[in-house]
Structure formats: C-alpha cells, structure tokens
Engineer: 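One structure coming up, written as structure tokens, with questions to follow.
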Amino acid sequence: FCLSFSVLKIKGLALLTHSHVLCSLFLCLSVSMFLNTLTPKFYVALTGTSSLISGLILIFEWWYFRKYGTSFIEQVSVSHLRPLLGGVDNNSSNNSNSSNGDSDSNRQSVSECKVWRNPLNLFRGAEYNRYTWVTGREPLTYYDMNLSAQDHQTFFTCDSDHLRPADAIMQKAWRERNPQARISAAHEALEINEIRSRVEVPLIASSTIWEIKLLPKCATAYILLAEEEATTIAEAEKLFKQALKAGDGCYRRSQQLQHHGSQYEAQHRRDTNVLVYIKRRLAMCARRLGRTREAVKMMRDLMKEFPLLSMFNIHENLLEALLELQAYADVQAVLAKYDDISLPKSATICYTAALLKARAVSDKFSPEAASRRGLSTAEMNAVEAIHRAVEFNPHVPKYLLEMKSLILPPEHILKRGDSEAIAYAFFHLAHWKRVEGALNLLHCTWEGTFRMIPYPLEKGHLFYPYPICTETADRELLPSFHEVSVYPKKELPFFILFTAGLCSFTAMLALLTHQFPELMGVFAKAFLSTLFAPLNFVMEKVESILPSSLWHQLTRI
C-alpha cells in the first residue's frame, strides 16, 4: 500500500510539473502572438491613457502637498505600509535627543500658535500713523488691531465700570473700530470726569467761601489719547504722565479695598494693569527720546514692584535698552534669570545669548582660518548658540543680514514666526552691527543649522517641532505688501517629482505615438520583446534540460 501511494504521489508531482511547464510555454506563445497582432492605435490609446492617469495623480499629489505639506503616497507608505513591513519610526529617538529640555513633542498643542503682545510695539499716533501719512500704506492689519482691542478690553475694563460714567464711556470706546470715534470718546470721558469731579464743600455755613476738590481723572482716556492722538513721542509722554497721576491714585484706593469683595478685587486687578501699562510706556518713551539710562531705571523699578506680571515681558524691553548702553554684563545677568529651561523662549532671549557669545570671538573670526585649524572652544560655543537661535526662529538671519527688507513690526507677534523676526530685527539690528564681526559670524554659520535638524525639518533638534500653523497666522498679522517668510521650505517630496517625471514622459510618448504610430509600434514591440527576453531564455533552458518524454520516463520509474 505504501509503495502504491508513493508511486501515485510521484506521478502526481510529475504531472503537476509538466503542466506548469506547458502553461508557461503557452503564456509565452500567447504574449508573442498578442504583440504581433497589436496595431498602432493601441499604442496611441495606451500612452494617452497612461499620461492622463499620471497627470491626475500629479494634480492630486500637488493639491495634497499644498494643503498638508506632505505627499499623500509618502504619508500612506510611512503610516500604513512601513509598520507592516517591520519598519521602526525614528521620531521618538530623534526627539529624545533634545538636550535643551525645553519641551517634548507631546507637548505640542493648540497653544503652540498662540499670538503674543509685542513687547516692543510702536505708538499708533506717533509712529504707525506717521508711516501711513508718508507712504499711504497701512502697517497694521485689521486682525492685528482687533487683537489689540481685545487686549484693551481685557486689561483696561472690569464689570464695575458702569458705576463710573467715564469708565463706562471708555468701555465702549475700546470696542470702536473708527479711530476718530475712539479719540472723541476719550475726550468725552475726560470732560464728564472734569464736570463731576468738582465737588463744592462749604467751609463755614454762613460764609460764601467754597473749596474745590478735584478728583482723579480717567487714566484709560489719557492712555488712548497718548497712543492714538499724539503725533510725537514727546506729546505721548506728556499724556502718559497725566495718566500716571490718575492711575496711581486709583491704584492706591483700590489696593485698600481689594479684600472687601470680588468687585473690588476686579477693580484692583484692572487698576494694576493700567498702572503697569502706563509705567512701561513711559519707559519706552524715555528710550525713544534718548534717555536710555532713565528708561533702564524705570524698567528695573517696575519689575521689582510687580515681579509676578511676567506676562508683559518687560525684561525684553530691558535687554534692548541695556544693549543700547553696551552694558553686556548686565545683559548677561538678565539672561541668566530669564533664559531658563522652565521659562518660555523668545527670539530676543535666544539671539541676545548668541550675540553675547559671538561678541567674544567675532572680531578675530575667519572662515578660512577656522577651516584650517578647526574651531576653538569659544568659537564652538558661539556657533552652537547661533544654531540654537536659528532653530528657534529661522526667519531672523535674513533680516539681520539685510537679505530681506524690514517693515514696521506689528502690535502682536507669533513666537518662532516671521512677525517675531521682524519685531526683533527692527530694534536689534543696530546692536548686531555694533559688535564687530558678529554679522560675519552669523553669515558663515546660520545655514548649518538646517543640516543638523533631522529630516523632516519639522522634527526639531534642540526645541520642540516647528509649528506648521505659523505661516497662516503670520499672513493675518503682517500687511499684504510684505512677503511672508516661510519655514521650513517645503521641498517637493520624491513621489511628486516621480509622478511629474512619469506624467511628462508618458505625455511625450503619447505625442510621439500620435505623430509616428508605425515607428513607435516597432519601438514598443522591440521594448516588450527585450523585456520578456529573460523569461523566454529561462523557459528555453527549462525545456532543454527536461526531456520531452518526461511523463513516459516517470511512469517507467
């Protein structure tokens, strides 16, 4: 029985092998016969259809890339096919190399594109409006001014404003879109306050002598006039000084009553914001008017008096003023306090740190000498600081190197975006020029940052990945006449280039086939014959090795 079963098994195997050989031979004969029967019209239709399909794929890939910044085919391959093939995602390993510890990739959230108030924003009446008068261009967008209006309502108003008529008028004034309407409302608030503040108190009942007691005026009305009506910094400073008198009195009264209820606590919070804003703008006026030491003192006093109000980023104003005084030791002391892992970074902090380290070596730095002998420890520290700063905000170097023209900075900025780069370079370009060789060192080293960041560029190296939403937000913040800087430069993925090449190649084939159908038919037959030549060779070898009477030989065995 076993012997009979073995014989049957051998016969079945032989029959199966013989059938496979016959099928392969039949396939080759069928392909050869099919190629001989094809007409030129078939090749025209084939190449035209291929060109159309590849063109549709190219259009879809390009649309997907413009919208999402990546290739659809590449994304599907990496996300779905690579895990099936046993691939390992290097994203976690790349992000684990973050030596700075500023943040983790998992900490990316909606707050990554948060818009911040520009610490060095200009004065609307004295600076922005003057630019409009001269050039006819609007330096501020509606989106930017709307954000400022929201800030004013948040910081300068509270729920109890209806109890004071002047504050009630100002509460409506901050919502006005028309600048002249806001200015008129501020004057109206001051006039009402002037009328109601004169309280007549008789000193002696039978006497006609009266005491005129003047109550503090509306501080926020002076703020609005200083910001938008004053046409020079000197006029703005006078109005801010009047605002300081009114704001200081309100602050002291609300400070005594802040624990008497939630209403008084809200008033005190509002009065604190008003006072801090006034003092900060007075310091900025002094800085604009050339009284830099006075401005530094005012900023230091303000930071000591209100140490918890770090959200105003007054230290960035202080850094800029200290750099103007060339007090580099004091700048380093401020950086030591605010350039901390636990604190959020900014272009001012990162690039100021790079400037200080570049200052130590930039005057003697030479690219040729550095390539021969290598970088010293100090030079390496300076280059690493520049790489760190460029990775945080890659838009700044083009403005510092004057490869791109500057515009007036907006009132709000997006950290790591083009708007922050403009705001930084507008005030700090002079400080980089003052340090001999600093811009030369920056020019020689800043592009090396991009070679250090792992691909794709969004993964980051020292900081958390670069937010994708910065381009959209910057286009809202910056005026239309400015060309927004985009990073990372979206290089075309391989699949888009491949699809474009395939589409062009098939379109060219379709055109040639339509013009020269017979010749292209000959070429197509020759190409397909060459393509199937290895298969024909293998089948001929198999047929020569295996005897023709294979079945007869196996039955005899």
Side-chain angles (χ1 to χ4, degrees), residues 97-100 102 120 316 318-336 338-339 345-406 409 415-418 420-454 457 460-463 466 485 487-489:
N97 294 329
S98 297
S99 60
N100 210 26
D102 289 334
L120 297 170
E316 297 196 10
L318 179 61
L319 285 172
E320 195 278 327
L322 291 173
L323 286 172
E324 178 64 22
L325 295 175
Q326 302 184 35
Y328 298 110
D330 294 335
V331 173
Q332 185 61 53
V334 175
L335 284 178
Y338 289 96
D339 192 3
K345 296 293 179 290
S346 66
T348 301
I349 290 176
C350 293
Y351 278 90
T352 302
L355 176 62
L356 292 186
K357 291 187 178 181
R359 176 176 169 269
V361 297
S362 59
D363 57 339
K364 300 178 182 179
F365 178 78
S366 172
E368 296 79 10
S371 61
R372 288 196 308 268
R373 58 174 171 79
L375 295 175
S376 63
T377 304
E379 290 174 340
M380 183 63 71
N381 292 335
V383 171
E384 289 178 354
I386 290 175
H387 286 173
R388 171 178 178 260
V390 174
E391 183 181 345
F392 181 83
N393 193 318
H395 310 285
V396 174
K398 287 189 176 181
Y399 294 107
L400 292 180
L401 297 173
E402 299 182 78
M403 300 167 62
K404 197 172 182 183
S405 59
L406 275 171
K415 287 193 174 182
R416 307 187 72 178
D418 192 27
E420 184 191 31
I422 293 172
Y424 171 79
F426 188 86
F427 291 99
H428 289 262
L429 176 59
H431 307 321
W432 278 82
K433 287 184 174 180
R434 190 178 295 116
V435 177
E436 183 182 357
L439 291 176
N440 178 44
L441 180 60
L442 177 67
H443 174 71
C444 296
T445 57
W446 75 279
E447 290 182 338
T449 307
F450 308 126
R451 293 191 293 269
M452 298 174 59
I453 301 175
L457 296 178
H461 179 62
L462 297 175
F463 295 95
Y466 188 84
S485 178
Y487 173 83
K489 286 292 183 182

Engineer: Show the nearest heavy-atom pair for residues V435 and L355, with the distance to one decimal.
Structural biologist: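 That would be CG2-CD1, 3.9 Å.
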Engineer: Does the plane of the ring in W432 sit parallel, tilted or perpendicular to the ring in Y351? Use 30° and 60° as the thresholds.
Structural biologist: perpendicular
Engineer: Closest heavy-atom contact between P409 and I422?
Structural biologist: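 Where P409 meets I422 most closely, the heavy atoms are CA-CG2, 4.0 Å.
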Engineer: Measuring from E316:CD to T352:OG1, what's the distance to the nearest 0.5 Å?
Structural biologist: 8.5 Å
Engineer: Give me the atom names and distance for the closest heavy-atom approach of A354 to A389.
Structural biologist: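 Answer, listing the atom of A354 first, then A389: CB-CB, 4.3 Å.
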Engineer: Working to the nearest 0.5 angstrom, can you tell me the gap between D330 CG and L325 CG?
Structural biologist: 8.5 Å
Engineer: First locate atom CD of E391, then atom CD1 of I386, and finally report the distance between them rounded to the nearest 0.5 Å.
Structural biologist: 14.0 Å
Engineer: Do the ring planes of H428 and H431 sit parallel (below 30°), tilted (30 to 60°) or perpendicular (above 60°)?
Structural biologist: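 The arrangement is perpendicular - the two ring planes meet at more than 60°.
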Engineer: Specify the closest pair of heavy atoms between S362 and E436, including all atoms of both residues, with the distance to one decimal.
Structural biologist: OG-O, 2.7 Å
Engineer: For the CG atom of L400 and the NE2 atom of H395, what is their distance to the nearest 0.5 Å?
Structural biologist: 13.0 Å
Engineer: What residue among K345, E420, R416 forms side-chain hydrogen bond (donor to acceptor under 3.5 Å, both in side chains) with N393?
Structural biologist: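 Only match with N393 under side-chain hydrogen bond (donor to acceptor under 3.5 Å, both in side chains): E420.
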Engineer: Side chains of L335 and I349, heavy atoms from C-beta outward: is any pair under 4.5 Å?
Structural biologist: yes
Engineer: Taking E324 first and then R434, would you say they form a salt bridge - that is, a charged N and a carboxylate O separated by under 4.0 Å?
Structural biologist: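 The answer is yes: the pair qualifies as a salt bridge.
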Engineer: Are side-chain heavy atoms of L322 and Y328 found at a separation under 4.5 Å?
Structural biologist: no
Engineer: Taking all non-hydrogen atoms of both residues, which atom of F392 and which atom of A347 are closest, and how far apart?
Structural biologist: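 Shortest heavy-atom separation between F392 and A347 comes out as CE2-N, 3.5 Å.
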Engineer: Say you draw a straight line from CZ of R359 to CG of L441; how long is it, rounded to the nearest 0.5 Å?
Structural biologist: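 Here the interatomic distance stands at 14.0 Å.
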Engineer: With a 4.5 Å heavy-atom cut-off, do Y424 and S346 have their side chains touching?
Structural biologist: no
Engineer: Does some side-chain heavy atom of Y338 sit less than 4.5 Å from a side-chain heavy atom of L318?
Structural biologist: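 SC-SC contact between L318 and Y338 ruled out.
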Engineer: Answer yes or no: is there a side-chain heavy-atom contact under 4.5 Å between W446 and L401?
Structural biologist: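 SC-SC contact between W446 and L401 confirmed.
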Engineer: Please answer whether the main-chain N or O of S485 pairs with a side-chain N or O of D418 as donor and acceptor at a distance below 3.5 Å.
Structural biologist: yes
Engineer: How long is the straight-line distance from NE2 of H443 back to CG of N440, given to the nearest 0.5 Å?
Structural biologist: 7.5 Å
Engineer: Answer yes or no: is there a donor N or O on one side and an acceptor on the other, between the side chain of H387 and the main chain of T445, under 3.5 Å?
Structural biologist: yes
Engineer: Return the minimal non-hydrogen interatomic distance between A353 and D339, and the atom names on each side.
Structural biologist: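 That closest heavy-atom pairing would be CB-OD2, 4.1 Å.
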